[in-house]
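Each remark here refers to the structure printed beneath this line.
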Amino acid sequence: NTLEQCNVCSKPIMERILRATGKAYHPHCFTCVMCHRSLDGIPFTVDAGGLIHCIEDFHKKFAPRCSVCKEPICQPRARRRLSYCGFGSRFHVHCYRCEDCGGLLSEGDNQGCYPLDGHILCKTCNSARIRVLTAKASTDL
């Protein structure tokens, strides 16, 4: 009766006690809520609801999503950096491209985002669209 009980299975802990988040667990009961992998000795995090996640699954569930490929953007990985271009959009660096020419907006001569009418464009394509719009507006008069 004096043994601590596991926070997950409520059975007494008779051997090694794993303490995390202020609670006691059997090492095999302390698992990620998504993949159910044991987190004994593995880095973990807790979400706002108190659920325990391995770091990988936490990022899969809560990381911002790329507006193009819809995959999570995990900033610690250099190839998955975050770029912004107005409209609240987020992108992986390799997904951050002009909608017209497909050129990368994160590097090179056309670096930078020049949004127009809800479209993400490089400087060259933005200028071309403005010329077309201006020409059309002057002929409509």
Side-chain angles (χ1 to χ4, degrees), residues 2-141:
T2 61
L3 295 174
E4 284 197 72
Q5 293 185 344
C6 176
N7 189 60
V8 174
C9 70
S10 299
K11 293 181 182 173
I13 303 172
M14 302 184 66
E15 294 181 15
R16 189 168 71 107
I17 296 175
L18 191 149
R19 291 196 188 281
T21 67
K23 299 173 183 124
Y25 300 88
H26 291 109
H28 62 273
C29 289
F30 188 67
T31 61
C32 172
V33 294
M34 290 180 67
C35 69
H36 305 292
R37 178 176 58 161
S38 173
L39 297 175
D40 184 14
I42 297 173
F44 68 93
T45 190
V46 180
D47 68 16
L51 299 176
I52 299 164
H53 300 268
C54 65
I55 301 298
E56 184 178 328
D57 284 341
F58 183 83
H59 284 298
K60 284 180 190 175
K61 188 173 180 180
F62 296 107
R65 299 278 170 173
C66 176
S67 297
V68 175
C69 72
K70 309 300 183 217
E71 291 296 315
I73 300 171
C74 302
Q75 291 175 314
R77 297 180 186 161
R79 63 184 176 80
R80 295 184 151 206
R81 287 192 316 258
L82 192 64
S83 293
Y84 293 93
C85 183
F87 320 117
S89 299
R90 297 172 179 173
F91 304 88
H92 291 113
V93 169
H94 61 275
C95 294
Y96 190 43
R97 297 179 177 274
C98 174
E99 290 181 26
D100 285 356
C101 71
L104 276 175
L105 297 174
S106 56
E107 57 189 45
D109 293 337
N110 274 337
Q111 185 172 356
C113 178
Y114 296 83
L116 181 65
D117 293 332
H119 296 281
I120 295 168
L121 305 167
C122 67
K123 185 176 184 178
T124 304
C125 292
N126 174 286
S127 297
R129 280 193 182 208
I130 288 174
R131 280 192 301 275
V132 169
L133 289 170
T134 305
K136 184 176 188 237
S138 64
T139 59
D140 288 346
L141 296 175

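Residues take their numbers from the sequence shown, with the count starting at 1. These values consider heavy atoms only, across backbone and side chains, with no hydrogens, waters or symmetry-generated copies.
Atom NZ of K11 has 12 or fewer neighbouring heavy atoms from other residues, nucleotides or ligands inside a 6.0 Å radius.
Proximity of I55 to T45: side-chain heavy atoms (C-beta onward) are separated by under 4.5 Å at one or more points.
Residues L104 and H94 approach most closely at CD2-O, 3.8 Å, considering heavy atoms. Between Y25 and N7, the shortest heavy-atom distance links the atoms OH-ND2, 3.5 Å. Nearest heavy-atom pair across C95 and V68 is O-CG2, 3.6 Å. What you find for C113 and I120 is that their closest heavy atoms are SG-CG2, 3.6 Å. When all heavy atoms of V46 and F58 are compared, the closest pair comes out as O-CE1, 4.4 Å. Nearest approach of H26 to P12, heavy atoms of both residues: NE2-O, 3.1 Å.
Note that CD1 of I73 is 7.0 Å distant from OG of S67, once rounded to the nearest 0.5 Å. Going from atom CD1 of I52 over to atom CG of L39 covers 7.5 Å, rounded to the nearest 0.5 Å. Separating the SG atom in C54 from the NZ atom in K60 is a distance of 7.0 Å, to the nearest 0.5 Å. The distance from atom CD1 of I42 to atom CD of E56, rounded to the nearest 0.5 Å, is 11.0 Å.
Between the H92 side chain and the P72 main chain, a donor and an acceptor come within less than 3.5 Å of each other.
Scanning for side-chain contact (heavy atoms from CB on, under 4.5 Å) contacts around L133 gives L116, D117, with sequence neighbours left out. Under the rule for a salt bridge (Lys or Arg N to Asp or Glu O under 4.0 Å), R97 has no partner lying at least two apart in sequence or in another chain. Annotation: salt bridge (Lys or Arg N to Asp or Glu O under 4.0 Å) contacts of E99 (sequence neighbours excluded): none. Take H53 and apply the side chain to side chain donor-acceptor pair (under 3.5 Å) test, not counting sequence neighbours, and it matches D47. Looking at residues two or more places apart in sequence or on another chain, you find no side chain to side chain donor-acceptor pair (under 3.5 Å) involving R65.
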Under 3.5 Å, side-chain donor or acceptor atoms of residues 28-38 against the rest of the protein: list the pairs with distances, not counting sequence neighbours.
unit_1: S38; atom_1: OG; unit_2: P27; atom_2: O; d: 3.4
unit_1: S38; atom_1: OG; unit_2: D40; atom_2: N; d: 3.4

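L121 pairs with exactly one of N126, L105, I130 by the side chain to side chain contact (heavy atoms under 4.5 Å, CB included) rule, that one being N126.
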